[in-house]
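In what follows, chains are A, B, ... by sequence order, proteins preceding strands, each numbered from 1.
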Amino acid sequence: MGSGLSYQVPDIATADIPENASREAEIGAPRPGFGPLAPASDSLYTRRIMLELSLLKAELAAVLKRQIHDTFAVEHEPVIQVPPRRELGDLAFPAALHLAKTLRRKPRDIATELAEAVRFPGIVLRVSVEGAGYLNLFLDRGRVTADLLETEVFGDPAGGERSEKIIVEHTNINPNKAAHIGHLRNAVLGDVLVRALRRLGHPVEIQNYIDDTGVQLADVVVAFTDLRGLDAAAVAALPEPFDYTCWDLYSEVGRWYEEDPERQALRRQTLHELEADEGPRAEMGRLVARRVVHRHLTTMRRLGIGYDVLTRESDILGLDFFTRAFEKLKASGAIHLEESGKNQGCWVMPLSQSAEFAGLEDPDKVIVRSDGTVTYVGKDIAYQLWKFGLLGRDFHYRKWGDEGLWETASEEGGGTHPAFGGGAKVINVIDARQSYLQKIVRVGLESLGHTEEAERSIHFAYEMVSLSKAAARQLGYLTGDGDGEQKSLEMSGRKGIGVKADDLLDQIEDKCRDNVSERYPDLDAESLDDLARQLATAALRFFMVKATTTRVIAFDFQDALSFEGETGPYLQYSMVRERNIRRKLEAAGMETEVDAETVRGLDAELWADDLWDLVLTAAQTAETVEKAAGSLELSMIARQALELAGKFHGVYHRHRILDEADPDLRRARMAAVQVFRKSSLALLDLLGVPVPEKM
RNA sequence: CUGCCUGUAGCUCAGUUGGAUAGAGCGGCGGCCUUCUAAGCCGCGGGUCGGGGGUUCGAAUCCCUCCAGGCAGGCCA
């Protein structure tokens with residue numbers, strides 16, 4: 001609510017993380033050990049954000065770099081990594097291995113010489129030479145843990161914004177049918193990206209593009225009007241779930257066209273009327289789109305996914321965005337009217353100059369059809385120009401509902417609204433099958449001379465979701481044994497092949513509810529539903545994020561309905577266990593938290609390797625998230641959360657806290673768990689995984 | 001035909017800018033609930049990293065080539 005945006009998610013992380021009261025003092029007075037060696041760069045130093053470990057890494061690398069220069073008189077940028085096992089050390093420099101060739105000496109000798117000469121800050125307790133010639137560092141475990149307790153995982157929230165506005169477009173489901181699991185992958189990835197960017201300090205605007213003048217919507221309008229013979233009032237009166245009705249109708253009308261190709265004329269006529277926004281078909285289109293979008297938003301809200309503004313294609317047309325872009329494209333010579341050939345009468349954009357399109361059979365892309373209608377790419381170029389504030393026009397806006405969500409409009413009168421569009425960077429979350437089209441949009445920007453914007457026009461591509469053979473068979477799409485060779489089945493809205501998002505969510509929730517009620521037979525219905533929802537959200541969202549973007553997800557019910565191992569509930573369970581420790585400590589009248597000063601004074605012997613390993617893993621959280629957001633490989637966030645939870649579960653079994661007699665040992669364990677909790681909460685927040693009280 | 005993606009354990013997949021003994025989950029087998037809740041933990045078994053060349057002290061990772069699968073190359077989106 002605070003931001004005035006619709007993007008409302010339970011603020012899981014911040015709710016539980018204690019405010020860092022000493023931040024100002026800390027910035028003014030760097031900890032000993034960091035001070036004299038702090039990087040000269042002010043920006044890095046004052047940011048002092050969460051990148052605690054990466055900052056330390058950079059510092060240590062700088063020290064070693066200097067030493068290499070002093071000892072061997074060569075310039076070398078040392079790589080720093082984390083050794084596979086704690087016995088080997090906490091950080092490792094493979095520099096000697098890299099230098100062996102230029103120096104013509106054995107790596108181990110180089111490493112040994114460096115180890116004897118180099119003076120690292122006090123947080124490094126010991127150095128050793130390991131393996132083929134790694135220079136390994138052992139850190140002060142208590143001190144690192146204490147430092148982590150004192151700092152925000154993602155830095156200072158008041159530290160200011162780190163960039164100009166980033167626009168993220170995601171979801172973009174055609175408003176003519178129910179959302180399916182492929183759309184979920186898009187929405188979840190987009191949502192996690194937004195959460196990560198915001199946490200890293202970037203202002204983000206979330207746009208959900210509504211293609212309400214396209215062929216797909218036209219088909220459903222034809223289905224209602226001509227196939228069913230319904231008018232707008234009758235369609236308005238249809239019961240929910242309206243998007244399910246459309247789902248069936250959409251595949252039905254496809255078959256209806258095939259029966260009589262003449263019926264295609266109805267589609268063209270409807271498309272024209274939608275574009276012109278005239279007549280009963282246009283009215284039907286508005287109605288259908290609106291009802292379906294309502295359903296989509298409801299589905300997404302179940303998963304904690306929201307938006308700032310719905311951008312409607314009809315407004316791009318209604319406000320002559322394309323006409324404006326068309327003028328620019330013509331004036332710059334980016335497109336021309338084809339006088340002859342198969343594209344005669346079309347305005348086309350030549351792609352042959354661009355190296356990206358080398359080897360293309362047909363090097364021209366139609367932007368305006370011979371009948372005067374505009375292709376999707378054409379509208380998308382206009383839309384992209386607006387996103388960067390390059391069009392010289394803006395939409396009008398009105399509130400979508402009462403939740404701070406806005407939609408575009410063609411007429412004035414929506415009252416004062418936030419400033420939309422005009423981003424410095426645009427990230428479009430669109431599946432990899434549309435890479436070709438997204439490239440054309442970029443080329444469009446380039447050919448208008450907006451080379452920088454073209455560079456900051458990012459297609460966040462991910463592979464599609466198909467149905468595993470088992471899933472396809474379960475749903476009756478594959479029958480018999482004739483299709484034995486087929487590995488998976490591609491979903492198709494047009495053919496009505498797919499798993500609807502709400503159906504899947506219902507199924508997961510049902511299973512969660514069963515599991516919970518088995519464990520807690522006395523739980524009231526409301527709590528039961530609530531818990532089931534939280535678990536289902538976690539299971540589904542995590543399932544979508546853990547896959548790397550380059551891999552097709554062959555959706556399988558067994559995988560998606562699994563709550564053990566690499567799943568969302570596994571993460572949640574670790575948090576429940578952590579909470580139980582504190583609950584029991586409190587019930588026993590014992591201290592539930594340790595402070596950094598106490599931890600700093602604890603004996604080094606208290607930190608067992610696996611306990612320390614949990615801390616060191618947590619210390620890499622922000623760095624991992626930064627890398628994930630920067631590379632758009634969000635599965636790294638999921639992996640980090642898994643690794644952290646896994647190590648916690650191990651520690652939970654091996655190092656009991658409640659019945660540990662030695663108070664200092666108990667404190668060390670508590671500190672490690674506190675560090676875990678802090679990082680894990682931050683990660684779960686990014687992943688949109690709710691944290692249940694029990695499970 | 002051209003471009004992009006994928007090929008790692010029975011299955012589903014990780015594997016950071018080339019580096020330490022190629023990891024995890026599921027499934028299989030065997031342990032662990034009088035315990036800070038077993039949606040968990042521990043152990044065992046399981047690998048020509050698609051094939052072949054090359055670069056390198058070192059290749060699952062980089063280069064070349066071949067094979068297999070997926071997607072794209074519409075006046076559909």
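A sub-4.0 Å separation between OP1 or OP2 of B:C71 and a side-chain N or O of A:Y462 is absent. An OP1 or OP2 oxygen of B:A39 is reached within less than 4.0 angstrom by no side-chain nitrogen or oxygen of A:N515. Using a 4.0 Å cut-off, some side-chain N or O of A:R519 falls inside it from OP1 or OP2 of B:A39. Taking 4.0 angstrom as the limit, A:T550 places a side-chain polar atom (N or O) nearer than this to OP1 or OP2 of B:U6. Listed pair A:K584 / B:U37 meets the phosphate criterion, a side-chain N or O lying under 4.0 Å from OP1 or OP2.
Distances from the side chain of A:P83 to the nucleotides B:A20, B:C36, B:C5 place B:A20 closest. Out of B:U12, B:G74, B:G40, the shortest distance to the side chain of A:D559 is found at B:U12. Checking B:C76, B:U12, B:A39 against every side-chain atom of A:R369, the shortest atom distance belongs to B:C76. Candidate nucleotides B:U21, B:C75, B:G40 were compared by shortest atom distance to the side chain of A:R85, and B:U21 ranks first. The nucleotide whose nearest atom lies closest to any side-chain atom of A:M464 is, among B:G40, B:G70, B:A77, B:G70. Which of B:C75, B:C76, B:A77 sits closest to the side chain of A:D211 comes down to B:A77. The side chain of A:R551 lies closest to B:U6 when the candidates are B:A72, B:C41, B:U6. The side chain of A:Y652 has B:A38 as its nearest neighbour among B:C75, B:A38, B:C57.
Spacing of P atoms, B:G70 relative to B:U12, comes out at 15 Å, to the nearest Å. For the P atoms, the distance from B:G52 to B:C4 is 25 Å, rounded to whole Å. B:A60 and B:G43: their C1' atoms are spaced 27 Å apart (whole Å). Comparing B:G45 with B:U8, their P atoms are spaced 23 Å from each other, to the whole Å. B:A68 and B:G30 have their P atoms separated by 43 Å, with the value rounded to a whole Å. A distance of about 15 Å separates the C1' atoms of B:U61 and B:G54, rounded to the whole Å. The separation of B:A77 from B:A38, taken at their C1' atoms, amounts to 49 Å, rounded to a whole angstrom.
Under the Watson-Crick or G-U wobble criterion, with both distances below 3.5 Å, B:C29 is paired with B:G43. Across all strands shown, B:A9 forms no Watson-Crick or G-U wobble pair with both key distances under 3.5 Å. With a cut-off of 3.5 Å on both Watson-Crick or G-U wobble distances, the partner of B:A60 is given as none. Using N1 to N3 plus N6-O4 or O6-N4 for Watson-Crick, or N1-O2 and O6-N3 for G-U wobble, each under 3.5 Å, B:C1 pairs with B:G73. Applying the Watson-Crick and G-U wobble criteria (two distances, each under 3.5 Å), B:A20 pairs with nothing in any strand.
Salt-bridge annotation for A:D211 and A:K379: absent, with no side-chain N of the basic residue lying under 4.0 Å from a carboxylate O of the acidic one. No salt bridge links A:K511 with A:D514; every basic N to acidic carboxylate O contact stays at or beyond 4.0 Å.
Applying the 6.0 Å contact sphere to CD of A:E586 captures no more than 12 heavy atoms from other residues, nucleotides or ligands.
A parallel orientation is assigned to the rings of A:F676 and A:F648, their planes being inclined by less than 30° (bins at 30° and 60°). A:W247 and A:H180 have perpendicular rings, their planes meeting at more than 60° on a 0 to 90° scale where under 30° would count as parallel.
Each of A:S435 and A:L642 lies near RNA chain B, and the nucleotide nearest A:S435 is the one positioned closer to the 5' end. Comparing A:Q216 and A:N136 along RNA chain B, the residue whose closest nucleotide (by nearest heavy atom) sits nearer the 5' end is A:N136.
For the pair A:M491 CE and B:C71 P, the computed distance is 13 Å after rounding to whole Å. Between the C1' atom of B:A24 and the CG atom of A:L571 lies a distance of 14 Å, rounded to the nearest Å.
With a glycosidic angle further than 90° from 0, B:C32 counts as anti.
If you check every strand for non-hydrogen atoms under 4.0 Å, A:D659 touches sugar and phosphate atoms only. The residue A:K627 sits close to a base: some heavy atom pair falls under 4.0 Å. Across all strands shown, A:L535 has heavy atoms under 4.0 Å from base atoms, whether or not it also approaches the sugar-phosphate.
A side chain to side chain contact (heavy atoms under 4.5 Å, CB included) with A:Y462 is found for exactly one of A:V429, A:I430, A:V552, A:T550, namely A:V429.
Defined by atom type and a distance below 3.5 Å, a donor-acceptor pair is present between the side-chain atoms of A:Y209 and A:E313.
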